[in-house]
Participant: 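Have a look at this one.
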Amino acid sequence: MSTPAASGNLMEAIVSLAKRRGFVFPSSEIYGGLNGFFDYGPLGAELKKNIRDCWWNDMVRRRDDVVGLESSIIMHPKVWEASGHVAGFTDPLVDCKVSKQRYRADQLFFSPVVVDGKVAGYVSALESENTAGELQTLAETFKRKKAIQGALAPVVAKDMTEAKPEEIALIPSPATGEPGSLTPPRAFNMMFETYVGALRDASSVSYLRPETAQGMFVDFKNVVDTGRVKLPFGIAQIGKSFRNEITPRNFIFRSREFEQMEMEYFISEDADWAKAHEDWISWCETWLKSIGLPASHLSRYAHPKEKLAFYSKGTVDIMFQYPFGVQELWGIAARGNYDLTQHANASGKPMEYFDEASKKKFVPHVIEPAVGVDRIFLAVLCAGYAEEEVKDEKGAVEKRTVLRLSPRIAPVKVAVLPLLKNKEQLVAVAQKLYAKLKRKYAVFYDESGAVGRRYRRQDEIGTPWCVTIDFDTVEKDGTFTLRERDSMQQKRITEAELFALLDEQVY
RNA sequence: GCGGCUGUAGUUUAGUGGUAAAACCUCUGCCUUCCAAGCAGGUGUCGACAGUUCGAUUCUGUCCAGCCGCACCA
């Protein structure tokens with residue numbers, strides 16, 4: 001059985017394998033690396049492309065109701081004002097210099113303690129179901145401890161974004177209870193800024209997109225007018241997005257440059273959004289299984305209603321059990337008609353759809369499944385990585401590292417191996433088969449070393465099959481050995497059978 | 001961003017105030033009739049920059065990167 005070590009070691013083993021075999025490198029490594037950025041090596045580029053292609057084929061080409069889009073990475077700055085990202089991505093944070101705690105300024109509340117009309121001090125509390133009540137209790141305790149006489153005025157709760165500079169020094173830290181250690185709120189905008197054109201001034205500021213979704217909303221009318229689409233329909237896009245994360249963590253799970261696969265599925269305002277939502281959630285689950293993620297590692301997390309943005313009708317995340325914990329893989333959000341309405345208002349251009357059947361004009365609602373290619377990439381590595389103990393002929397136990405990648409996404413589908421490289425007739429047949437296969441599939445040819453070593457090499461990069469050309473191939477019936485990665489079983493098949501197998505499994 | 005730990009070859013590690021080693025990997029040749037065999041040979045390394053020193057991979061500082069914890073995560 002597979003014995004992937006404890007979770008910490010499993011991540012180390014995967015990072016190490018990714019580097020060793022050319023899946024993922026740290027970005028700019030010769031200059032010491034750059035936190036939050038990664039390069040995909042020869043095999044990684046193949047694997048990533050396969051994930052993208054599978055998604056695009058299944059989401060766009062094989063569906064009649066979804067069309068593709070490729071919008072620009074830098075868009076008009078007003079896009080991000082309308083979408084709420086300029087405001088929403090600026091989370092002011094407050095640090096406590098003593099306790100080293102960090103708080104979101106809009107979740108840290110304070111109030112002056114006013115006795116007989118005079119400010120005697122301040123109290124603070126973190127946002128809760130009863131923030132005002134907590135502050136009131138704290139204020140009463142404060143008054144009692146300081147033995148101040150007089151009438152206590154009701155507290156007035158404000159959050160730290162509203163604190164005046166002179167107040168900040170007087171507000172106690174929730175961690176220590178003592179004033180003087182809190183910093184003023186500092187903004188951490190997660191959007192990368194740049195300047196368009198020669199002038200570097202405020203008027204030329206623009207942003208690298210923090211999500212691809214806005215491209216679909218901004219081009220909504222263009223697609224409706226030209227794409228011959230009818231509700232319900234979706235617009236899908238694959239592309240790079242950028243977020244200046246405070247702390248990139250967990251290898252490629254959270255990075256600053258990443259690739260998204262998003263789709264906006266527009267439905268009528270009268271449609272059963274809950275059903276459409278559920279349909280897309282299960283579509284996404286089915287798709288993840290189709291590229292080899294085991295159901296046992298997948299779960300759902302429905303965001304609690306009270307945590308949702310006001311416009312959101314519901315968000316369900318498909319979670320994946322990574323070695324470092326159960327984390328979000330694919331978010332499927334029912335966003336109402338918020339985004340289109342925002343852009344209609346901000347741009348002054350109508351975003352309505354005229355429905356011929358009902359003769360009604362309305363702003364469509366939307367279901368948004370959004371997933372990161374890099375997160376899927378990491379998930380398939382984590383799910384597929386296994387270290388096995390296998391016995392050789394003499395019964396000695398040795399370790400086999402194998403990457404169980406689905407044939408759909410494996411970077412190499414078949415390795416072609418002549419049994420011996422110093423036998424010309426074997427090499428000739430192998431190379432001929434290799435040439436034939438590589439017109440259609442990603443194939444690898446390897447003749448160096450013992451055949452067992454070559455099998456193991458392919459195991460480690462996730463190649464599902466190896467075919468070995470031996471003397472029977474040349475001297476007898478032309479069949480060759482098909483060696484299967486997961487079972488290590490071998491059988492003899494013909495060339496036609498090999499092509500049929502690939503045709504069925506690689507789609 | 002804060003705190004702790006860490007940084008030697010592609011990987012995993014040893015080691016030293018006098019410019020470094022092993023295993024595996026990789027490459028070449030020989031051999032090899034199905035699961036990391038053997039033999040011979042080759043490539044490749046002290047995270048970066050300063051300081052102390054006659055001399056720094058080793059000591060000190062700063063930076064960078066990684067891991068863990070906290071906080072953050074539209």
Side-chain angles (χ1 to χ4, degrees), chain A residues 8-9 11-13 15-22 25-37 41 80 83-105 107 175 183 186 188-191 209-211 213-214 241 243-251 253-256 309 312 315 324 327-328 331 333 370 388 390-394 396 398-402 417-423 426 448-460 466-475 480-485 488-490 492:
Chain A
N9 297 339
M11 271 313 286
E12 277 177 36
V15 172
S16 167
L17 174 86
K19 173 82 190 292
R20 190 170 69 245
R21 290 303 188 183
F25 308 128
S27 166
S28 316
E29 200 180 8
I30 61 168
Y31 292 105
L34 186 59
N35 189 300
F37 297 90
W80 307 110
S83 69
H85 286 89
V86 171
F89 265 56
T90 309
D91 287 330
L93 299 173
V94 174
D95 288 314
C96 169
K97 286 179 284 193
V98 173
S99 69
K100 307 298 182 193
Q101 297 286 305
R102 165 169 287 179
Y103 308 99
R104 262 177 62 175
Q107 293 175 353
T183 65
R186 291 178 290 186
F188 290 83
N189 193 314
M190 301 228 291
M191 282 197 291
R209 65 181 176 197
E211 62 172 36
Q214 295 307 318
S241 293
R243 289 177 201 174
N244 202 355
E245 297 283 357
I246 298 167
T247 311
R249 214 30 98 80
N250 291 327
F251 198 36
F253 181 82
R254 175 172 293 118
S255 54
R256 291 181 164 134
S312 179
T315 298
F324 44 84
Q327 298 282 341
E328 177 189 343
E388 297 182 334
V390 291
K391 284 187 180 163
D392 65 15
E393 295 163 331
K394 294 165 195 139
E398 58 185 18
K399 196 180 85 172
R400 177 173 89 121
T401 302
V402 56
L417 320 170
L419 184 58
L420 299 171
K421 80 166 166 181
N422 59 358
K423 297 289 186 289
L426 297 183
S448 74
V451 72
R453 172 196 287 277
R454 284 176 272 160
Y455 287 152
R456 298 301 171 80
R457 235 181 241 153
Q458 296 303 316
D459 287 342
E460 214 177 36
C466 296
V467 293
T468 301
I469 310 303
D470 58 24
F471 292 95
D472 282 2
T473 316
V474 178
E475 293 162 5
F480 35 69
T481 304
L482 180 80
R483 185 264 194 183
E484 211 261 333
R485 176 194 65 204
M488 297 173 71
Q489 295 294 307
Q490 304 188 356
R492 296 202 71 83

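In what follows, chains carry the letters A, B, and so on, assigned in the order in which the sequence lines appear, proteins first and then strands, with residues in each chain numbered from 1.
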Participant: So what's rU60(B) paired with, Watson-Crick or G-U wobble, going by both distances under 3.5 Å?
Facilitator: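 WC or wobble partner is rA50(B).
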
Participant: Tell me which nucleotide among rC70(B), rC31(B), rC34(B) gets nearest to the side chain of N422(A).
Facilitator: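 From the listed options, rC31(B) comes nearest.
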
Participant: Taking N and O atoms by type only, does the side chain of R20(A) place a donor or acceptor under 3.5 Å from a partner on the base of rC25(B)?
Facilitator: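 In this structure, the two groups form no donor-acceptor pair.
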
Participant: Between R453(A) and S448(A), is any pair of side-chain heavy atoms under 4.5 Å apart?
Facilitator: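 Not touching, per the 4.5 Å side-chain cut-off.
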
Participant: Can a side chain N or O of R453(A) be found less than 4.0 Å away from OP1 or OP2 on rG38(B)?
Facilitator: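 It does not, given that no N or O in the side chain of R453(A) lies less than 4.0 Å from OP1 or OP2 of rG38(B).
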
Participant: Does K399(A) put a side-chain nitrogen or oxygen below 4.0 Å from OP1 or OP2 of rC24(B)?
Facilitator: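 False: K399(A) side-chain N/O out of range (4.0 Å or more) of rC24(B) OP1/OP2.
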
Participant: Looking at the side chain of L420(A), which of rC34(B), rU32(B), rG1(B) is the nearest nucleotide?
Facilitator: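 For L420(A), the side-chain atoms sit closest to rU32(B).
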
Participant: Indicate yes or no: at least one non-hydrogen side-chain atom of R457(A) is less than 4.5 angstrom from one of R21(A).
Facilitator: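 In contact.
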
Participant: Just compare rU12(B), rU33(B), rG10(B) and give me whichever is closest to any side-chain atom of S16(A).
Facilitator: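 Nearest to the side chain of S16(A) among the choices is rU12(B).
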
Participant: Between R457(A) and G32(A), which has a closest nucleotide on RNA chain B that is more 5'?
Facilitator: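 So the residue in question is R457(A).
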
Participant: Which nucleotide, in any strand shown, forms a Watson-Crick or G-U wobble pair with rC5(B), with both distances under 3.5 Å?
Facilitator: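 Partner of rC5(B): rG66(B).
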
Participant: Nearest to the side chain of K423(A), which nucleotide is it out of rA36(B), rC35(B), rU32(B)?
Facilitator: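 When the side chain of K423(A) is considered, rU32(B) is the closest of rA36(B), rC35(B), rU32(B).
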
Participant: Please determine, for the side chain of L34(A), which listed nucleotide (rA65(B), rA36(B), rC34(B)) has the closest atom?
Facilitator: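 Side chain of L34(A) sits closest to rA65(B).
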
Participant: Mind checking if N35(A) touches a base, just sugar-phosphate, or nothing, with heavy atoms under 4.0 Å?
Facilitator: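 The residue N35(A) makes sugar-phosphate contact but no base contact.
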
Participant: Between C1' on rG1(B) and CZ on R249(A), what's the gap in Å once rounded to a whole number?
Facilitator: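 Rounded to the whole Å, the gap is 11 Å.
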
Participant: Assuming nearest nucleotide by heavy-atom distance, tell me which of E475(A) and K19(A) is located more 5' along RNA chain B.
Facilitator: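 Looking at RNA chain B, the more 5' nearest nucleotide goes with K19(A).
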
Participant: Looking at the side chain of R492(A), which of rU32(B), rC27(B), rC34(B) is the nearest nucleotide?
Facilitator: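 Nearest to the side chain of R492(A) among the choices is rC34(B).
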
Participant: Can you tell me, in whole Å, how much space there is between the C1' of rU19(B) and that of rC54(B)?
Facilitator: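 Rounded to whole Å, the distance is 15 Å.
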
Participant: Counting Watson-Crick and G-U wobble pairs only, both distances under 3.5 Å, name the nucleotide matched with rA36(B), or none.
Facilitator: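 No nucleotide pairs with rA36(B).
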
Participant: Please check this pair: side chain of R256(A) against backbone of E245(A), looking for a donor-acceptor N/O pair closer than 3.5 Å.
Facilitator: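 Checking the backbone N and O of E245(A) against the side chain of R256(A), a donor-acceptor pair under 3.5 Å is found.
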
Participant: Does rU12(B) have a Watson-Crick or wobble partner in any strand here, with both distances under 3.5 angstrom, and which is it?
Facilitator: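 The base-pairing partner of rU12(B), which may sit in any strand shown, is rA22(B).
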
Participant: Quick one: look up who rG41(B) pairs with, Watson-Crick or G-U, both distances under 3.5 Å, and put none if it's unpaired.
Facilitator: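 Across all strands, the one nucleotide that pairs with rG41(B) is rC27(B).
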
Participant: Can you tell if the side chain of R454(A) reaches within under 4.5 Å of the side chain of P418(A), non-hydrogen atoms only?
Facilitator: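 Side-chain contact under 4.5 Å: yes.
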
Participant: Taking atom P in both rU16(B) and rC25(B), compute the distance separating them and give it to the nearest angstrom.
Facilitator: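 rU16(B) and rC25(B) have their P atoms separated by 28 Å.
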
Participant: For D472(A), answer base if it contacts any base atom (sugar-phosphate contacts may also be present), sugar-phosphate if it contacts only those atoms, and nothing otherwise; contact means non-hydrogen atoms under 4.0 Å.
Facilitator: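 If one applies the 4.0 Å heavy-atom cut-off, D472(A) turns out to touch nothing in the nucleic acid.
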
Participant: Base of rC72(B), side chain of T247(A) - is there a donor-acceptor contact under 3.5 Å?
Facilitator: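 Absent.
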
Participant: Output the single nucleotide from rA36(B), rC27(B), rU33(B) whose closest atom is nearest the side chain of T401(A).
Facilitator: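 Taking heavy atoms from C-beta onward, the closest nucleotide is rA36(B).
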
Participant: Can you tell me how far C1' in rU58(B) sits from the matching atom in rG1(B), rounded to whole Å?
Facilitator: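 Going atom to atom, C1' in each nucleotide, I get 32 Å.
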
